[in-house]
> 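The structure follows.
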Amino acid sequence: MTNAEEKLSSLRRDLTGMIIGRVLESGDEGYSDALSIDNGRVSLKPFLVAKPANTDDVSKIVACCHDRGVPMTAKAGGHSAAGYCLNGGGVVLDLGDINDIQLLDRDGKPLKDATRIDEGTQLSVGAGARWISVYDFLRDRQSPYTVIGGGCAGVGVAGFTLGGGYSFISRSYGLGCDNVNGMEFVSTCGNVFELNHEVFKQKKPDADKRDLFRALRGAGGGNFGTVTRIDLQLQKTRAPRPTMGQIDFPFYRIDEILPFYNEWVATLPKEMAVYGMMRNFPNQRLGGDLSLGLRFTPVFNGPFSEAVELLKPLMALNPNDAELYTMTLPEWEDFVGTSTQVRGHSAYIRSLVLGPGTLNQDVVKICQKYMGRAVSTDSYIVWTHTGGEISNHGSDTSSYAHRDGAFTFELKSEWNSAQPLQARPNIEWAVDFFDELGEHAQGAYINYIDPLLVDWQKMYYRNEYDKLLAVQQRWNADGWLQFQQSIGSTYHTTLRKTPRKGPVDLSPLTRTILAVKGDS
């Protein structure tokens with residue numbers, strides 16, 4: 001047995017004896033399931049999977065791995081776009097068993113009577129919980145309050161919130177991270193800290209904790225330490241059953257519809273969000289065969305009658321199909337919450353943040369060019385309509401860098417995992433598409449992290465990066481907790497020009513931890 005193998009074997013023995021949770025290695029029941037993520041493209045085998053039962057377990061696992069210099073990555077919901085929650089040869093900290101949910105009063109004490117929920121009530125959520133569990137929790141209690149949570153029900157609460165977090169009602173109440181009242185945080189040395197809004201209010205603030213809490217509210221996970229619990233502010237919607245729906249147009253009308261949308265959404269109140277999608281949909285006129293379509297998803301935080309009035313200009317363009325519903329947000333999540341999951345396919349994911357008024361004819365031509373020649377019929381674009389209350393939260397309490405954005409585009413290039421030769425053409429199509437579209441963008445979204453993104457530090461964090469680097473150097477000084485695009489990483493991509501010449505270097509897609517300093 002080599003020294004490295006002996007070190008890892010010793011780590012397993014020590015962890016097994018000191019924690020309540022489980023420690024798994026390849027061949028153990030539950031090992032493979034713990035490494036499952038929503039992207040069949042990524043497959044890595046760590047030496048161990050540690051499944052803590054509580055924060056004390058997390059503290060012991062982190063300290064033990066750190067002391068031995070064993071690489072560790074944390075996995076919560078498993079929707080990491082690049083698979084950075086996994087690693088090969090180290091330890092994956094699977095937080096899935098830390099998933100308890102409870103109501104707290106305004107003072108942070110457990111609230112047993114759900115009928116007493118008011119504007120001061122909070123929801124305390126374990127870092128391993130997924131939004132589907134949170135929505136079920138609130139629906140079972142018939143609560144008139146909701147959380148600013150994810151539009152994909154399978155996404156983990158922690159990863160979503162730490163990276164900013166777009167909700168269908170974020171234009172009304174801000175991002176997910178704006179609605180965080182507190183966190184439980186484990187440092188790289190295994191020390192446990194409670195962080196909350198008090199760090200911003202103190203006359204003589206603890207600058208280290210203040211800057212850390214601010215960084216965790218919008219700069220993504222895995223950079224500074226491990227979050228084990230998040231306390232979320234509940235919000236009461238303007239109507240018990242808001243209005244939402246789907247309005248479809250044929251894709252060939254995009255040069256007419258998208259520029260109209262571009263100007264129309266600027267006139268909408270913050271209570272109305274109108275998401276968009278370009279993808280192949282079953283077309284009943286073609287016997288159910290797929291055809292490219294343009295879909296808008298309005299979500300109105302208010303009564304049906306007001307929603308109908310606001311949507312009249314869009315409806316006047318004579319869509320192919322329109323459906324409007326009134327339902328609670330948890331019910332809506334059940335209705336559409338799996339529509340953007342990769343679900344066993346392989347995928348390469350990119351993102352762009354575009355400013356107000358940017359969906360002009362130049363953008364239309366780029367979308368026509370690339371959507372019309374997509375390699376796979378499963379590939380698509382979905383975008384979030386931002387602005388509203390998102391823009392009104394200041395930088396004093398959050399590190400989220402794109403408050404002035406209007407549309408956040410996500411491109412999912414998908415293909416059959418059983419056809420690995422399809423990877424390169426699908427990835428290169430996506431690279432060329434968003435490299436060209438990126439000329440109209442101001443940045444990219446950290447929760448749709450992209451290993452091939454050029455100048456990723458500036459694209460994700462803009463002028464926040466130096467501040468975040470200072471926090472990283474305080475809380476993760478030795479760089480032990482890291483991944484390929486973590487804050488402080490030396491990784492950079494090879495500069496590309498549009499149009500591209502030669503093949504794209506795909507090697508960054510096969511690694512998560514950057515093993516060699518200066519690797520590129």
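Treat the numbers as computed from the prediction; the structure is a model and nothing was measured. Sequence positions, counted from 1, serve as the residue numbers for this chain.
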> Between Tyr166 and Thr386, is the side chain to side chain contact (heavy atoms under 4.5 Å, CB included) condition met? List the steps.
CA-CA 8 Å; Tyr166 296 126; Thr386 61; 3.5 Å; yes

> Using every non-hydrogen atom in the two residues, find where Ala273 and His385 come nearest and quote the distance to one decimal.
CA-ND1, 3.5 Å

> Not counting sequence neighbours, which residues clear ring pair (Phe, Tyr, Trp, His ring centres under 6.0 Å) with Phe47? List them please.
none

> When the ring centroid of Phe409 is compared with that of Tyr445, is the distance short of 6.0 Å?
no

> Give a yes-or-no answer on whether the side chains of His79 and Asn447 include a donor-acceptor pair shorter than 3.5 Å.
no

> Run the ring-centre check on Tyr461 versus Trp456 and record whether the distance is less than 6.0 Å.
no

> Taking Arg403's backbone N and O only, do any of them form a donor-acceptor pair with Ser391's side chain (distance below 3.5 Å, no angle check)?
yes

> Step through it carefully: locate the ring centre of Tyr135, locate the ring centre of Trp332, and say whether they are under 6.0 Å apart.
no

> Could you check whether Arg511 and Gln484, counting side-chain N and O atoms only, form a donor-acceptor pair closer than 3.5 Å?
yes

> Keeping the roles fixed (side chain from Asp94, backbone from Val49), state whether a donor-acceptor pair exists under 3.5 Å.
no

> Counting the benzene-type ring for Trp, do Tyr465 and Tyr460 have ring centres under 6.0 Å apart?
no

> Is there a donor-acceptor pair closer than 3.5 Å between any side-chain N or O of Ser379 and the backbone N or O of Glu414?
yes

